[in-house]
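Notes for the one structure printed next.
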Amino acid sequence: MEIRGVKVDVRYLKELNLLYEAKLRDLEEEAHKLSGESFNLNSPKQLAEVLFNKLGLPVQRKTPTGQPATDEEALSALVDQHPLVEVLLRYRELYKLRYTYVEGLLQSVHPRTGRVHTTFHQAVAATGRLSSQSPNLQNIPIRTEEGKRLRKAFVASREGWVLLSADYSQIELRIAAALSGDPHMIADFQAGRDIHTSTAQYLFGPVSPLSESEKRRIAKTVNFGIIYGITAHGLVQRLGGGLSRTEAQKLIDTYFMRYPAIKSYIERQIEQVRKCGYAETLLGRRRYIPQINSSNKVQRAEAERLAINTPIQGTAADMIKVAMIRLHKRLPDIPLLLQIHDELLWEVPESEIESIARIIQEEMVEALPLPNQVPIEVEIKVGENWLEMAPLSLS
DNA sequence: GAGATCACG
DNA sequence: ACGTACGTGATCTCG
């Protein structure tokens, strides 16, 4: 993956760069006009001075060093109070895209290969995941419309070839279901149900003032929270306004009534780390967590969350690594380009898409069978670039 | 080089 | 009363 590199469309990136350059210039000018002075928009310190002293907007929160926070969460709460805030949010978004991604990628294009060659680290992440550096190709934008435009720059490197992505679906929740043996969660996956919708129905029942999509959103946040070692306060923070700590705790309690084996799994993991000092994945890779017996309550709580999360995240890392090795052997002439934790990106000849996709799907599904008959699902998509990928259905 | 911020799974 | 969800890397400012 490192040596082969990934082809990026340099012309397209240069066009984006000019576009962002112009937009950023306008936004900067607008921001200075609205604030009545010229200052460095990239300095949180100068920005805080303008927002909270000069314009008198209310400080939302302090950073760990006592400085007023100006991050997206703090700014979003102020959008209705001054027109400058929206300009700043847009400026931040585009600045990140231009400098970290557009310029970063352009600078990373190798002069001889014309491709981008990342470095993957195999012994950095404590859970067993890979990490990617110089440039990081595991955090290319996808969540916002503006950010997605970056993905269009990633293209197949040969005429007649296309990109193929293969994603493990809900892999960490499936692993939680399997390791815990929780009957309801297992049944949901076996029936092919949408796990977040299923959780939503249980948490809120049929009579609720909330919309279906709102219920699902909350359930999804709770499900992810479980994997990370949920706390009532953490849930309040992520769900935002309107929810009290007590209500959050109630959601968690209700959740554990539906999925009792998840609750006992969590307790079991914490107990295991207390006893032997490490958490382990399904394949037996260990992470030592000595702070589990700390006299400091905060450190102990952090250690307990690691005890919960590490086997789940680490088992997912085990699984995709096994799949990578097996697929390297089975498809020696099909180049794997990137691994993004639960996704593999390849380039494949257009004429052989179907047969190759079947092999990739089969090996990923079978790489590491989970206990308790929890099924694994892999979604395959194909496209000319990393943005415009269409699902490929294999019957 | 620390801190703040923000991109991803 | 306390501090708060797991794992990463890149960029900027500022002392």
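Note on naming: letters A, B, ... go to the chains in the order of the sequence lines (proteins, then strands), and numbering restarts at 1 for each one.
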Problem - Side-chain ion pair, A:E247 and A:K250, N-O less than 4.0 Å - result: no
Exercise for the section: Quick one: list whatever passes ring pair (Phe, Tyr, Trp, His ring centres under 6.0 Å) with A:Y91, sequence neighbours left out. Expected result: A:Y95
Handout entry: Protein-nucleotide distance (A:R245, atom CZ; C:dC2, atom P), rounded to Å
Key = 13 Å
Practice task
Give one of base, sugar-phosphate or nothing for A:R92, where a contact means two heavy atoms less than 4.0 Å apart.
Solution key: sugar-phosphate
Handout entry: Lys/Arg cation over aromatic A:Y20: A:R98, 6.0 Å, 45° cone
Key = no
Review item, nucleotides 13-15 of chain C N/O atoms under 3.5 Å of protein N/O:
from: C:dT13; atom 1: OP1; to: A:N40; atom 2: ND2; distance (Å): 3.0
from: C:dT13; atom 1: O3'; to: A:S43; atom 2: OG; distance (Å): 3.2
from: C:dC14; atom 1: OP1; to: A:S43; atom 2: OG; distance (Å): 2.4
from: C:dC14; atom 1: OP1; to: A:Q46; atom 2: NE2; distance (Å): 3.0
from: C:dG15; atom 1: OP1; to: A:K45; atom 2: NZ; distance (Å): 2.6

Handout entry: Ion pair check, A:E49 and A:K54, cut-off under 4.0 Å
Key = no
Can I get a per-line list of side-chain donor-acceptor pairs under 3.5 Å for residues 220-241 of chain A, giving both atom names and the distance, sequence neighbours left out?
from: A:T221; atom 1: OG1; to: A:R217; atom 2: O; distance (Å): 3.0
from: A:N223; atom 1: OD1; to: A:Y255; atom 2: OH; distance (Å): 2.7
from: A:N223; atom 1: ND2; to: A:H196; atom 2: ND1; distance (Å): 3.1
from: A:N223; atom 1: ND2; to: A:T199; atom 2: OG1; distance (Å): 3.1
from: A:T231; atom 1: OG1; to: A:G234; atom 2: N; distance (Å): 2.9
from: A:R238; atom 1: NH1; to: A:G234; atom 2: O; distance (Å): 3.1

Problem - NZ/NE/NH1/NH2 to OD/OE distance under 4.0 Å, A:R285 and A:D318 - result: yes
Practice task
For A:T310, enumerate each residue passing the side chain to side chain donor-acceptor pair (under 3.5 Å) test, keeping only those at least two apart in sequence or located in another chain.
Solution key: A:R287
Fill in the blank from the handout: Separation of C:dA5 atom P from A:L173 atom CG, nearest Å, is 19 Å
Handout entry: Ion pair A:R274/A:E304, N-O distance below 4.0 Å
Key = yes
Completion exercise
Taken to the nearest whole Å, CD1/A:I289 to C1'/C:dG7 is 13 Å
Practice task
Give A:T221 one of three labels, base, sugar-phosphate or nothing, depending on what nucleic acid heavy atoms sit under 4.0 Å from its own.
Solution key: base
Exercise for the section: Mind checking A:I227 for me? I need base, sugar-phosphate or nothing, with any heavy atom below 4.0 Å counting as a touch. Expected result: nothing
Practice task
Determine the contact category for A:Q237: base if any of its heavy atoms lies under 4.0 Å from a base atom, sugar-phosphate if only primed atoms, P, OP1 or OP2 are that close, otherwise nothing.
Solution key: sugar-phosphate
Problem - Gap in Å between the two C1' atoms, one belonging to C:dA5 and one to B:dA2, rounded - result: 24 Å
Problem - ring pair (Phe, Tyr, Trp, His ring centres under 6.0 Å) against A:F204, all qualifying residues, sequence neighbours excluded - result: none
Completion exercise
Rounded to whole Å, CD of A:E73 lies from P of C:dA5 at a distance of 11 Å
Problem - Value rounded to 0.5 Å, distance of CG in A:N372 from CE in A:M185 - result: 12.5 Å
Fill in the blank from the handout: Residues of residues 307-323 of chain A with a heavy atom under 4.0 Å from any atom of DNA chain C, listed by number, are A:N309, A:Q313
Practice task
Taking atom types as modelled, find out whether A:Q272 and A:E280 have a side-chain donor-acceptor pair closer than 3.5 angstrom.
Solution key: no
Handout entry: Options C:dG3, C:dG7, C:dA5, nucleotide nearest the side-chain atoms of A:R305
Key = C:dA5
Problem - Carboxylate-amine/guanidinium proximity below 4.0 Å for A:E93 and A:K96 - result: no
Practice task
Go ahead and write out DNA chain C as dot-bracket, 5' to 3': ( ) for pairs within the strand, [ ] for ones crossing earlier pairs, | when the partner sits on another strand, dots for unpaired; Watson-Crick or G-U wobble, both distances under 3.5 Å.
Solution key: .....|||||||||.
Result block: side-chain N/O donor-acceptor pairs under 3.5 angstrom for residues 76-85 of chain A, not counting sequence neighbours:
from: A:S76; atom 1: OG; to: A:E72; atom 2: O; distance (Å): 2.7
from: A:H82; atom 1: ND1; to: A:L84; atom 2: N; distance (Å): 3.0

Handout entry: Salt bridge flag under 4.0 Å for residues A:D71 and A:R92
Key = no
Completion exercise
Ordered by number, residues from residues 248-279 of chain A within less than 4.0 Å of DNA chain C (heavy atoms) are none
Handout entry: CE-CD distance between A:M364 and A:E343, expressed to the nearest 0.5 angstrom
Key = 8.5 Å
Problem - Spacing between A:I171 atom CD1 and C:dG7 atom C1', to the nearest angstrom - result: 16 Å
Problem - Side-chain donor or acceptor of A:R174 paired with backbone N/O of A:I186 under 3.5 Å - result: no
Practice task
Give, for atom OG of A:S351 and atom CH2 of A:W161, the distance between the pair rounded to the nearest 0.5 Å.
Solution key: 8.5 Å
Problem - Carboxylate-amine/guanidinium proximity below 4.0 Å for A:R358 and A:E354 - result: yes
Practice task
For the pair A:R61 and A:E73, find out whether any cationic side-chain nitrogen is under 4.0 Å from an anionic carboxylate oxygen.
Solution key: yes
Fill in the blank from the handout: What residues 129-157 of chain A contributes to the DNA chain B interface at heavy-atom separation below 4.0 Å is A:R129, A:Q138, A:N139, A:I140, A:P141, A:I142, A:R143
Practice task
List in numerical order all residues of residues 64-71 of chain A for which some heavy atom is under 4.0 Å away from an atom belonging to DNA chain B.
Solution key: A:P64, A:T65, A:Q67, A:A69, A:T70, A:D71
Exercise for the section: Using a heavy-atom cut-off of under 4.0 Å over every strand shown, decide if A:R287 touches base, sugar-phosphate, or nothing. Expected result: sugar-phosphate
Problem - Side-chain heavy-atom pair A:E379, A:Q361 within 4.5 angstrom cut-off - result: no
Exercise for the section: Starting at atom CG of A:L94, determine the distance to atom P of C:dC12, rounded to an integer number of angstrom. Expected result: 15 Å
Practice task
Quote, to the nearest angstrom, the C1' distance that separates C:dC2 from B:dC6.
Solution key: 28 Å
Problem - Heavy-atom side-chain contact between A:F154 and A:L105 under 4.5 Å - result: yes
Handout entry: Outermost DNA chain B nucleotides near chain A [under 4.0 Å, heavy atoms]
Key = B:dG3 to B:dG9
Practice task
Kindly compute the distance separating OG (A:S134) from CD (A:Q107), expressed to the nearest 0.5 Å.
Solution key: 11.5 Å
Exercise for the section: Just call it for A:E72: base, sugar-phosphate, or nothing, with non-hydrogen atoms closer than 4.0 Å on any strand. Expected result: sugar-phosphate
Problem - Interatomic distance where OH belongs to A:Y91 and C1' belongs to C:dC12 [whole Å] - result: 10 Å
Handout entry: Spacing between A:Y101 atom OH and C:dA10 atom P, to the nearest angstrom
Key = 10 Å
Practice task
Classify the nucleic acid contact of A:T63 as base, sugar-phosphate or nothing, counting any heavy atom under 4.0 Å across all strands shown.
Solution key: sugar-phosphate
